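Worth saying up front: this structure is predicted, and the values here are computed from it rather than measured.
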Amino acid sequence: MKYHRWKQMISFPLAAGILAGCAGSGPDLKGPEGPTIMAAYSGEWVLAPMESDDLDGKVREAMRRSGGGMPTGGMGSDRSGGRGGGGMRGGGGMPGGRSGAQMDPELRRVAMEALRKLAQAPGEFSLTLRPETVAFTPQDGTPLLLTIGADEDKVILAGASVMGTARWTKNGIEIKREIELGGGVEDQLRLDEEGNLILKREVHLLGGGVEGTLLYRRK
């Protein structure tokens with residue numbers, strides 16, 4: 001038992017080190033390093049609030065300032081417009097190029113509820129990394145199972161269609177979710193040298209977006 005615990009303790013920095021030394025899409029999860037990396041990412045994670053940004057507060061404030069925060073654009077640009085091409089489908093996220101104010105009230109309500117659920121920082125979640133898939137399950141949220149490298153996987157959240165993609169990169173796991181009515185959330189998950197899971201989240205709202213970094217420890 002003592003040997004098992006020691007082996008587990010060294011697996012996290014080892015996995016982070018393997019990723020840091022790789023280029024392109026990161027190490028092959030089916031290769032010799034795969035089991036170590038998948039074990040390091042998979043498990044139950046709990047938010048460390050004192051070491052994390054108040055992302056939920058930022059989202060609420062952004063929605064208040066924008067009169068509800070209804071998204072009108074895709075996920076291809078950030079607040080400064082400097083990233084470009086890094087998001088999912090770009091350009092008018094509203095059907096027919098409509099703004100949030102021009103939307104049918106019921107469609108707006110559905111889109112807002114889905115966006116709130118997507119943007120909410122989970123207090124706890126489980127993560128299961130496999131060579132072909134990643135499963136992300138918030139404690140009080142909708143389970144998300146995505147095929148790594150697939151064009152898009154479709155899920156229904158709060159009555160709205162959400163298109164999700166997942167990639168395995170040299171920096172960890174990248175998960176993007178875009179509401180078909182507009183707006184969405186991008187997550188970057190990586191391990192630090194102490195075995196904590198760092199989640200960097202970008203929420204795309206009306207007139208720009210909100211971002212924050214959350215730190216999770218094993219439950």
Heavy-atom side-chain contact between Glu124 and Glu44 under 4.5 Å: no
Heavy-atom closest pair, residues Gly212 and Leu55: N-CD1, 3.7 Å
Ile173 side chain near Leu127 side chain, heavy-atom distance below 4.5 Å: yes
Glu178/Lys176 ion pair, N-O < 4.0 Å: no
Check: Glu186 and His204 side chains under 4.5 Å, non-hydrogen atoms: yes
Side chain to side chain contact (heavy atoms under 4.5 Å, CB included) between Ile175 and Leu144, intermediate numbers included: CA-CA 10 Å; Ile175 298 176; Leu144 183 68; 4.0 Å; yes
Verify same cluster id: Val134, Met38 (apolar side-chain graph, 4.5 Å): yes
Non-hydrogen atoms of Leu115 and Gly184 that approach each other most closely: CD1-N, 4.0 Å
Donor-acceptor under 3.5 Å (Ser52 side chain, Leu215 main chain): yes
Atom NZ of Lys200: over 12 foreign heavy atoms under 6.0 Å: no
Nearest-0.5 Å distance, CD1 of residue Ile148 to CD of residue Glu174: 11.5 Å
Separation of Phe136 CZ from Thr128 OG1 (nearest 0.5 Å): 11.5 Å
NZ-CG distance between Lys58 and Asp53, expressed to the nearest 0.5 angstrom: 4.5 Å
Trp45 and Pro122, any side-chain heavy atoms less than 4.5 Å apart: no
Min side-chain heavy-atom separation Tyr41-Arg190 under 4.5 Å: yes
Close side-chain approach of Glu51 and Arg217, heavy atoms under 4.5 Å: yes
Transitive ILVMFWY side-chain link Val46 to Leu197, under 4.5 Å: no
N/O donor-acceptor pair under 3.5 Å between Asp153 side chain and Thr147 backbone: yes
Student check: side-chain heavy atoms of Arg60 and Asp56 closer than 4.5 Å: yes
Euclidean distance, Asn171 CG relative to Ile198 CD1, rounded to 0.5 Å: 13.0 Å
Between CD on residue Glu152 and CG on residue Leu146, distance to nearest 0.5 Å: 10.5 Å
Nearest non-hydrogen partners of Arg218 and Ala40, listed with the distance: NH2-O, 2.7 Å
Check ion pair Lys30-Glu132 (N to O, under 4.0 angstrom): yes
CG-CG distance between Leu29 and Leu129, expressed to the nearest 0.5 angstrom: 5.0 Å
Gln120 side chain near Val59 side chain, heavy-atom distance below 4.5 Å: no
